[in-house]
Visitor: 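I'd like to ask some things about the structure below.
Throughout, numbering of the chain's residues begins at 1 and tracks the sequence.
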Amino acid sequence: NAGNLTPDEKAAVEEQKADLEEMLEKIEKAKERMDKVDEALNNLPEAEEVTSEDKEAIEKALETIEELLADENVGNLTENQKEAVEKQKSDLAEKLENIKKAEERMDKVEDSFDSLPEANEVTSEDKEDIEEALEIIEDLLKDENAGNLTPDEKAAVEEQKADLEEMLE
């Protein structure tokens, strides 16, 4: 019976109650952060399927994870939860790396294509440059990161390839 407690005992119980409420609040905040991470990740494609269109969403998800890991309440996550979050962070970094590689390859294709003369100005001296540009495009299309191109990017590369093949005729 709480009426039988001394004032010191009542104060100690109230303090314990406040501590427990604070712990519950921290746990709830950690759960809310985990829910935000899950929500951010649920709509993302697999690493081999990401395109530049996904870059912003991936960066946002990565930011959400980093906020979670920097949060003072991260200590309220279980070891399994922390490991899962770290794995998700690693997976997101891999997705961003795949996008970066695809973007670099696209830049290389564009640079090689842009350095060529117009189709009606091509001479036999340009043959080697055209073949080199065509090789870069073919490498891109065979590359494992080709799946990280958007449909529009793939179409543009295919169009450039066709233009180069036409220049060689």
Side-chain angles (χ1 to χ4, degrees), residues 25-119 121-122 126-168:
E25 187 176 318
K26 286 181 179 181
I27 291 170
E28 185 59 32
K29 284 182 181 179
K31 183 186 177 313
E32 288 171 9
R33 291 268 194 190
M34 286 296 295
D35 289 346
K36 282 177 76 175
V37 167
D38 288 342
E39 182 181 322
L41 295 172
N42 284 339
N43 297 324
L44 297 177
E46 295 300 317
E48 61 277 356
E49 298 172 355
V50 295
T51 68
S52 57
E53 292 175 345
D54 302 309
K55 187 175 184 179
E56 189 175 314
I58 292 170
E59 289 172 338
K60 180 71 175 146
L62 194 53
E63 182 181 309
T64 301
I65 286 176
E66 288 171 351
E67 286 173 4
L68 170 67
L69 293 174
D71 189 298
E72 64 187 39
N73 295 314
V74 76
N76 295 314
L77 299 178
T78 66
E79 283 305 311
N80 287 344
Q81 288 172 320
K82 286 179 192 176
E83 287 175 19
V85 170
E86 287 293 344
K87 176 156 181 8
Q88 291 166 335
K89 182 179 175 184
S90 174
D91 290 348
L92 290 175
E94 178 186 348
K95 289 176 183 185
L96 282 178
E97 185 62 27
N98 287 349
I99 290 171
K100 181 181 174 189
K101 287 178 184 176
E103 288 175 338
E104 288 170 355
R105 297 296 291 267
M106 280 297 296
D107 289 344
K108 191 174 180 181
V109 166
E110 289 172 16
D111 290 347
S112 69
F113 193 79
D114 290 345
S115 68
L116 298 172
E118 294 296 319
E121 299 172 0
V122 172
D126 300 313
K127 182 179 180 185
E128 193 174 305
D129 292 336
I130 294 170
E131 288 172 342
E132 185 179 318
L134 189 56
E135 186 177 322
I136 290 170
I137 287 176
E138 288 171 348
D139 286 349
L140 171 64
L141 293 173
K142 291 178 198 171
D143 186 88
E144 64 185 42
N145 294 314
N148 299 114
L149 300 175
T150 66
D152 289 344
E153 290 168 335
K154 269 189 184 166
V157 170
E158 292 286 354
E159 185 178 322
Q160 288 174 331
K161 180 181 177 192
D163 290 346
L164 291 172
E165 290 170 337
E166 189 177 308
M167 286 180 190
L168 287 174

Visitor: Measure the shortest side-chain to side-chain distance between Leu44 and Leu92 over non-hydrogen atoms and say whether it is less than 4.5 angstrom.
Guide: yes
Visitor: For a side-chain contact (heavy atoms from CB on, under 4.5 Å) check, start with the C-alpha distance between Leu62 and Lys95, then their side-chain angles and the critical distance, and finish with the verdict.
Guide: CA-CA 10 Å; Leu62 194 53; Lys95 289 176 183 185; over 6 Å; no
Visitor: Atom CD1 in Ile136, atom CE in Met106: separation rounded to 0.5 Å?
Guide: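 Going from CD1 on Ile136 over to CE on Met106, the span is 12.5 Å.
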Visitor: Take Leu164 and Leu168, measure what side-chain contact (heavy atoms from CB on, under 4.5 Å) needs, and give me the verdict at the end.
Guide: CA-CA 6 Å; Leu164 291 172; Leu168 287 174; 5.8 Å; no
Visitor: Take atom CD of Glu166 as the centre, draw a 6.0 Å sphere, and report whether it contains more than 12 heavy atoms from other residues, nucleotides or ligands.
Guide: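 Result for CD/Glu166: open.
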Visitor: Between the main-chain N or O of Lys100 and the side-chain N or O of Lys55, is there a donor-acceptor pair closer than 3.5 Å?
Guide: no
Visitor: Just how far is it from atom NZ of Lys82 to atom CD of Glu86, taken to the nearest 0.5 Å?
Guide: 10.0 Å
Visitor: Go through the steps to decide whether Leu116 and Asp126 satisfy the test side-chain contact (heavy atoms from CB on, under 4.5 Å), and finish with yes or no.
Guide: CA-CA 8 Å; Leu116 298 172; Asp126 300 313; 5.6 Å; no
Visitor: Is the count of non-hydrogen atoms from other residues, nucleotides or ligands lying under 6.0 Å from Glu59 atom CD greater than 12?
Guide: yes
Visitor: If you measure from CD on Glu53 to CD1 on Ile99, what distance do you get to the nearest 0.5 Å?
Guide: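 Output value for this atom pair is 10.0 Å.
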Visitor: Does any part of the side chain of Glu132, heavy atoms only, come nearer than 4.5 Å to the side chain of Ser112, both counted from C-beta?
Guide: no
Visitor: If the condition is salt bridge (Lys or Arg N to Asp or Glu O under 4.0 Å), which residues does Lys127 pass it with, not counting sequence neighbours?
Guide: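 Partners of Lys127 under the salt bridge (Lys or Arg N to Asp or Glu O under 4.0 Å) test: Glu131.
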Visitor: Applying side-chain contact (heavy atoms from CB on, under 4.5 Å), run through Glu25 and Glu28 and close with a yes or a no.
Guide: CA-CA 5 Å; Glu25 187 176 318; Glu28 185 59 32; 5.6 Å; no
Visitor: Could you measure the distance from the CD atom of Glu118 to the CE atom of Met167? Nearest 0.5 Å is fine.
Guide: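 If we round to the nearest 0.5 Å, Glu118:CD and Met167:CE are 7.0 Å apart.
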Visitor: Do side-chain atoms of Thr64 reach the backbone of Lys60 as a donor and acceptor pair under 3.5 angstrom?
Guide: yes
Visitor: To the nearest 0.5 Å, what is the distance between OG1 (Thr51) and CG (Asp152)?
Guide: 10.0 Å
Visitor: Restricting to salt bridge (Lys or Arg N to Asp or Glu O under 4.0 Å), what partner residues turn up for Glu153, sequence neighbours left out?
Guide: none
Visitor: Is the backbone of Asp111 close enough, under 3.5 Å, to the side chain of Asp114 for a donor and an acceptor to pair up by distance?
Guide: no
Visitor: Looking at CG of Leu134 and CG of Asp129, how far apart are the two atoms once the value is rounded to the nearest 0.5 Å?
Guide: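 Leu134 atom CG to Asp129 atom CG measures 12.5 Å (nearest 0.5 Å).
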Visitor: Take atom CD in Glu39; do more than 12 heavy atoms of anything else shown fall under 6.0 Å from it?
Guide: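 Atom CD in Glu39 is not packed in, count stays at 12 or less.
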Visitor: Can you tell me if CD on Glu128 sees more than 12 non-hydrogen neighbours from other groups inside 6.0 Å?
Guide: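 Open.
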